[in-house]
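Below is one structure, written out as structure tokens; the observations come after it.
Note that these values count all heavy atoms, side chains included, but never hydrogens, waters or copies made by symmetry. Counting from 1, the numbers follow the sequence of the chain as shown. As the structure is a computational prediction, the values presented were derived from the model and not from experiment.
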Amino acid sequence: APDGLAGGAAAFDPAGGETRQFKGISQSEQIASLDRTIYFGLYPRARVHAFDTTAPWTAPAGNPREIAMLERQGRPVALVGVPDLGMLFVGTIPEYGLLGGMLATWDPAARQLETFPDVVPRQSIASLAFAGGHIVGGTTVQGGLGIEPVETEGRLFLWDPATRRKIFETVPVAGRRIVSGLTPRPDGTVWGFAEGAFFVFDLKARAVTHRDESHQPNFTGRALWQDASMVVHPNGDVFAVEHDRFLRIDGSTRRISVLRTGLENKHTRPIALDRAGRVYFADGAELWRYAP
């Protein structure tokens with residue numbers, strides 16, 4: 001949900017150009033889907049609600065329904081549904097005055113929730129993706145409001161869903177405080193941003209094979225909880241919202257083109273793609289569409 005919405009959700013129909021609002025839930029930090037269910041990561045108290053799209057929206061009467069409230073956590077800013085595993089993965093920012101986020105997993109078939117605090121000690125989880133059979137996570141040094149970070153560099157980590165443990169961790173770009181926008185590519189790499197710096201991580205080599213640090217970080221807000229979000233276009237290019245920029249990244253050369261600057265997104269970076277290949281992004285409380 002854009003910053004202009006204090007609560008609730010909205011849906012835009014590209015075919016008819018109509019917008020519908022859905023009330024009865026609080027502020028959404030992130031949204032993901034799995035099968036026919038849409039999951040909302042809600043602030044406050046890091047709650048996750050599940051909306052069964054085969055039934056009417058009846059919030060707060062039961063659809064969506066609450067499936068989790070994560071202890072000592074405030075904002076579920078990273079959600080990814082993994083059809084191969086039939087599971088939802090959630091990454092969080094802790095409550096006010098605390099450092100250390102949480103990775104949570106939800107198995108809808110078994111109705112089972114598991115939580116794993118402090119996967120990267122004293123850091124929060126800002127981004128999640130699924131690639132090469134593993135969960136790929138990006139962290140931020142920022143905790144909840146009211147406490148200063150003690151770490152200085154965001155990290156990328158690999159989580160093994162089978163053993164339920166972290167198996168790898170690295171700093172993809174030195175000196176950058178947040179790793180976000182993690183996006184798998186067909187060549188076995190994961191693309192991401194580290195506070196303005198674009199990087200490519202090779203899953204097999206477990207190493208960063210490309211960095212573009214030409215853009216210097218200019219974040220001045222209080223809460224570095226989210227930064228970049230990316231979508232892969234059918235033409236092979238990648239479109240991204242990073243801080244206040246709307247970008248195109250050439251899928252072959254990895255050259256970055258800045259399409260627009262000055263976005264008023266604050267700490268949320270939503271971006272999406274429709275079936276016709278049009279890209280949607282937010283500028284404050286406004287939804288914008290770009291046709292490549």
Side-chain angles (χ1 to χ4, degrees), residues 1 27-34 37-50 67-83 85 87-95 98-106 113-131 134-144 151 154-161 164 166 169 172 176-184 190-195 201 223-231 240-243 265-272 282:
Q27 177 177 310
S28 297
E29 297 288 333
Q30 189 57 272
I31 301 172
S33 64
L34 181 63
T37 301
I38 296 175
Y39 293 92
F40 296 87
L42 303 179
Y43 167 85
R45 298 188 300 279
R47 293 162 295 122
V48 181
H49 284 205
I67 61 170
M69 181 187 294
L70 303 175
E71 185 178 359
R72 295 171 60 85
Q73 303 301 304
R75 303 171 189 268
V77 299
L79 271 71
V80 62
V82 182
L85 303 176
M87 297 182 68
L88 177 77
F89 293 81
V90 181
T92 68
I93 308 293
E95 274 287 8
L98 299 177
L99 294 173
M102 174 183 288
L103 178 67
T105 66
W106 168 251
L113 176 74
E114 288 192 273
T115 58
F116 306 90
D118 253 5
V119 172
V120 176
R122 300 174 299 280
Q123 297 207 26
S124 307
I125 297 177
S127 179
L128 292 172
F130 180 72
H134 296 106
I135 293 295
V136 187
T139 70
T140 172
V141 302
Q142 180 74 52
E151 302 293 333
R155 294 179 176 269
L156 180 148
F157 68 88
L158 299 180
W159 176 270
D160 185 351
R164 308 202 311 280
K166 181 179 66 179
E169 180 181 314
R176 307 291 174 115
R177 298 171 295 172
I178 183 172
V179 175
S180 61
L182 297 175
T183 303
V190 174
W191 291 13
F193 276 88
E195 200 177 358
F201 178 78
L224 190 57
W225 291 326
Q226 292 176 291
D227 190 24
S229 178
M230 290 196 272
V231 291
V241 174
E242 188 277 320
H243 193 53
N265 287 343
K266 297 183 180 178
H267 70 271
T268 57
R269 309 285 179 260
I271 191 168

Test log, rule side-chain contact (heavy atoms from CB on, under 4.5 Å), inputs Q123 and R155
CA-CA 9 Å; Q123 297 207 26; R155 294 179 176 269; 4.1 Å; yes

Quick check for you: to the nearest 0.5 Å, what is the distance between L103 atom CG and S124 atom OG?
12.5 Å

Restricting to non-hydrogen atoms, name the atom on P172 and the atom on G154 that form the minimum distance, rounded to 0.1 Å.
CD-O, 3.7 Å

Least distance between heavy atoms, P83 atom then G81 atom:
CD-O, 3.4 Å

For the side chain to side chain contact (heavy atoms under 4.5 Å, CB included) test, which of T105, V48, T37 pairs with L88?
V48

Test item: S28 and L42 side chains (from C-beta on) under 4.5 Å apart, heavy atoms:
yes

Between A68 and L113, which heavy-atom pair has the shortest distance, and what is it?
CB-CD2, 3.8 Å

Closer than 3.5 angstrom, by distance alone: can the side chain of Q226 be matched with the main-chain N or O of V77 as a donor-acceptor pair?
yes

For the pair S229 (side chain) and P270 (backbone), establish whether a donor and an acceptor sit closer than 3.5 Å, ignoring hydrogens and angles.
no

Atom CD of E114: over 12 foreign heavy atoms under 6.0 Å:
yes

Between E195 (side chain only) and R177 (backbone N and O only), is there a donor and an acceptor less than 3.5 Å apart?
yes

G137 backbone acceptor or donor facing S127 side chain under 3.5 Å:
no

Judged by atom type as modelled, is there a donor-acceptor pair below 3.5 Å linking the side chain of T92 to the main-chain atoms of P94?
no

Please report the closest heavy-atom contact between A240 and F193, naming both atoms and the distance.
CB-CE1, 4.1 Å

Do F130 and L85 make a side-chain contact, defined as non-hydrogen atoms from C-beta onward lying under 4.5 Å apart?
yes

Between W225 (side chain only) and I125 (backbone N and O only), is there a donor and an acceptor less than 3.5 Å apart?
no

Going by heavy atoms in the side chains, are L158 and V136 under 4.5 Å from each other?
yes

Would you give the length of the straight line joining atom OG1 of T140 to atom CD1 of I93, rounded to the nearest 0.5 angstrom?
6.0 Å

Answer yes when E29 and R75 have at least one side-chain N-carboxylate O distance shorter than 4.0 Å, and no when they do not.
yes

Do L156 and E169 make a side-chain contact, defined as non-hydrogen atoms from C-beta onward lying under 4.5 Å apart?
no

Residues at least two apart in sequence or cross-chain that pass salt bridge (charged side-chain N to carboxylate O under 4.0 Å, His left out) with E151, listed by chain then number, are R122

With no hydrogens and no angle check, is any side-chain donor or acceptor of D227 less than 3.5 Å from a backbone partner on E242?
no

L70 and T115: CA distance, side-chain angles, deciding distance, side-chain contact (heavy atoms from CB on, under 4.5 Å) verdict:
CA-CA 8 Å; L70 303 175; T115 58; 3.8 Å; yes

How about R47: does its CZ atom have over 12 heavy atoms from other parts shown lying under 6.0 Å from it?
yes

What I'd like to find out is whether the side chain of F89 reaches to under 4.5 Å of the side chain of L79, using heavy atoms alone.
no

Please determine whether side-chain contact (heavy atoms from CB on, under 4.5 Å) holds for the pair V90 and V80, giving the CA-CA distance in whole Å, both sets of side-chain angles, and the decisive distance to 0.1 Å.
CA-CA 7 Å; V90 181; V80 62; over 6 Å; no

In short, I271 meets M230 closest at the heavy-atom pair CG2-N, 3.8 Å

In sequence, state the C-alpha distance, the side-chain angles, and the governing distance for L182 and L128, and then conclude on side-chain contact (heavy atoms from CB on, under 4.5 Å).
CA-CA 6 Å; L182 297 175; L128 292 172; over 6 Å; no

Determine whether the aromatic ring centres of W159 and F116 lie less than 6.0 Å apart.
yes

Distance in Å, F157 CZ paired with K166 NZ, rounded so as to fall on 0.5 Å steps
8.0 Å

W106 side chain near Y39 side chain, heavy-atom distance below 4.5 Å:
yes

Value rounded to 0.5 Å, distance of CG in L224 from CZ in R176:
11.5 Å

